[in-house]
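Below is one structure, written out as structure tokens, with a few remarks after it.
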Amino acid sequence: ITADLAGKQDEERKIQSRLAELEKKMAAQNRSMAEDLEGKKREENSMQQRIVNLKSEEMSMQQRIVKLDAELNKSNERITADLAGKQDEERKIQSRLAELEKKMAAQNRSMAEDLEGKKREENSMQQRIVNLKSEEMSMQQRIVKLDAELNKSNERITADLAG
């Protein structure tokens, strides 16, 4: 009986040691996943700030386009007023006007392309946020699963100890 009892006590110490190792390992995994989640949240906040900045840039570009259109209209009005009747001067002015319109159109196209690129970048960031939130949910489900596994392991060990 004493030998059996000593064997049982030794077995119980091994089980307790194993249980302590498992709990330590689970705690480390939970800390690691919590740190990963925190990093993902910081990354998401950074991306949301970037989206706000992109929207601000987009509005600024739209205002600049409106300003350039107004400048083009004013330039056209001034040129038209100066055309009093001199044909030679009119040809020079028309040429200058065509260059301005070409330049303005090129600037407008360039800014429109920039806006399109910013919108694509914003959409990409929003998709990244969705992906990060999905990863966060997956990690939370994994934590729940690991907690359930730890509880089952604890119940088995407890049942082994009780038996």
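One finds the OG atom of S46 at 8.0 Å from the CE atom of M125 (value rounded to the nearest 0.5 Å). With rounding to the nearest 0.5 angstrom, the CD atom of Q62 is 5.5 Å from the CG atom of L115. Taken from NZ in K145 to CD1 in I143, the straight-line distance is 13.5 Å, to the nearest 0.5 Å. The distance from the OG atom of S17 to the CD atom of E12 is 12.5 Å, given to the nearest 0.5 Å. Within the model, atoms CG of N30 and CG of L146 stand 6.5 Å from one another, a figure rounded to the nearest 0.5 Å.
Counting heavy atoms from C-beta outward, Q16 and L19 have side chains that approach closer than 4.5 Å. Side-chain atoms of V52 and K55, non-hydrogen and from C-beta on, never get closer than 4.5 Å to each other. Using a 4.5 Å heavy-atom cutoff, the side chains of I129 and E43 are not in contact. For the pair Q29 and K25, the minimum side-chain heavy-atom distance is below 4.5 Å. With contacts defined as side-chain heavy-atom distances shorter than 4.5 Å, the pair D69/M104 does not qualify. Between Q48 and E44, the closest side-chain pair of non-hydrogen atoms falls below 4.5 Å. Taking the side chain as every heavy atom from C-beta outward, K92 and R96 never approach each other to under 4.5 Å.
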Task: Derivation and outcome, side chain to side chain contact (heavy atoms under 4.5 Å, CB included), residues N154 and L22 - done: CA-CA 9 Å; N154 287 345; L22 279 174; over 6 Å; no

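Between M33 and R142, the closest heavy-atom pair is SD-NH1, 3.9 Å.
No side-chain donor-acceptor contact under 3.5 Å links N73 and E77. In this structure, a donor-acceptor pair under 3.5 Å is present between the side chains of Q127 and N131.
Cluster annotation: L54 is not connected to M61 through the hydrophobic network of ILVMFWY side chains, with a link wherever side-chain heavy atoms come within less than 4.5 Å.
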